[in-house]
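Presented below is the structure to which this report refers.
In this chain, numbering begins with 1 at the start of the sequence shown. Side-chain atoms are counted along with the backbone in the values below, which use heavy atoms only and exclude waters and symmetry mates.
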Amino acid sequence: MKAPLRSLTAARPALMAALLGCAALLAGCDQLGIEDPAKVAAAKEADGKAIGGACRNALRAIEDCYALNPKAQKAAVYEGWREMDEYMRENKLEGTRPQVANPAAAKAGGSASDGEDEAPDPRSAKGKVGDKAADKAGH
């Protein structure tokens with residue numbers, strides 16, 4: 001009767017090693033680049049909500065937000081926009097105007113009044129620093 005007991009105790013470490021090996025293989029799927037569809041969907045939704053909230057905070061209309069972010073999920077963008085709108089209204093917060101890096105886009109947007117207050121763009125031909133022809137004519 002002691003023989004079956006020996007085989008059971010001898011098989012236990014092998015069984016534990018096999019289970020640990022399977023668990024290690026399954027845990028390594030993320031490291032192999034195999035993505036979980038549920039995680040991908042949750043990440044896309046979170047990105048869309050963040051985009052929507054940022055658009056609302058930047059005083060953009062929801063339609064503009066959709067146009068600027070065509071790959072984002074529209075439902076998630078709307079949800080983020082709506083949540084930020086509620087938050088801003090409850091806390092009486094003002095949005096912030098986005099700062100445009102492109103000077104031509106800033107002028108087209110109407111942010112410059114007459115152009116008198118603007119410093120010349122160092123990249124433009126008009127405001128070249130160290131223009132030798134102008135220096136010679138002025139001296």
Task: Sidechain-backbone polar pair: W81 side chain, N57 backbone, donor-acceptor under 3.5 Å - done: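 A pair under 3.5 Å: no.
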
Distance-minimising heavy-atom pair for [X] and [Y]:
X: E94; Y: M88; value: C-CE, 3.8 Å
X: C65; Y: G52; value: SG-CA, 4.3 Å
X: V77; Y: A72; value: CG2-CB, 3.6 Å

Task: OH (Y66) with more than 12 external heavy atoms under 6.0 Å - done: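 Enclosed: over 12 neighbouring heavy atoms sit under 6.0 Å from OH of Y66.
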
Got a second to check how far [X]'s [atom1] is from [Y]'s [atom2], nearest 0.5 Å?
X: E79; Y: E45; atom1: CD; atom2: CD; result: 8.0 Å
X: D47; Y: K71; atom1: CG; atom2: NZ; result: 13.0 Å
X: R60; Y: N69; atom1: CZ; atom2: CG; result: 8.5 Å

Open item on the list: With heavy-atom distances below 4.5 Å as the criterion, would you say the side chains of P98 and L59 are in contact?
Closed with: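 Not touching, per the 4.5 Å side-chain cut-off.
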
Task: Hydrophobic cluster membership, I62 vs I51, 4.5 Å side-chain cutoff - done: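 In one cluster: yes.
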
Open item on the list: Whether E86 and R89 form a salt bridge (side-chain N of Lys/Arg under 4.0 Å from carboxylate O of Asp/Glu) is what I want to check.
Closed with: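 Answer for the salt bridge query: no.
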
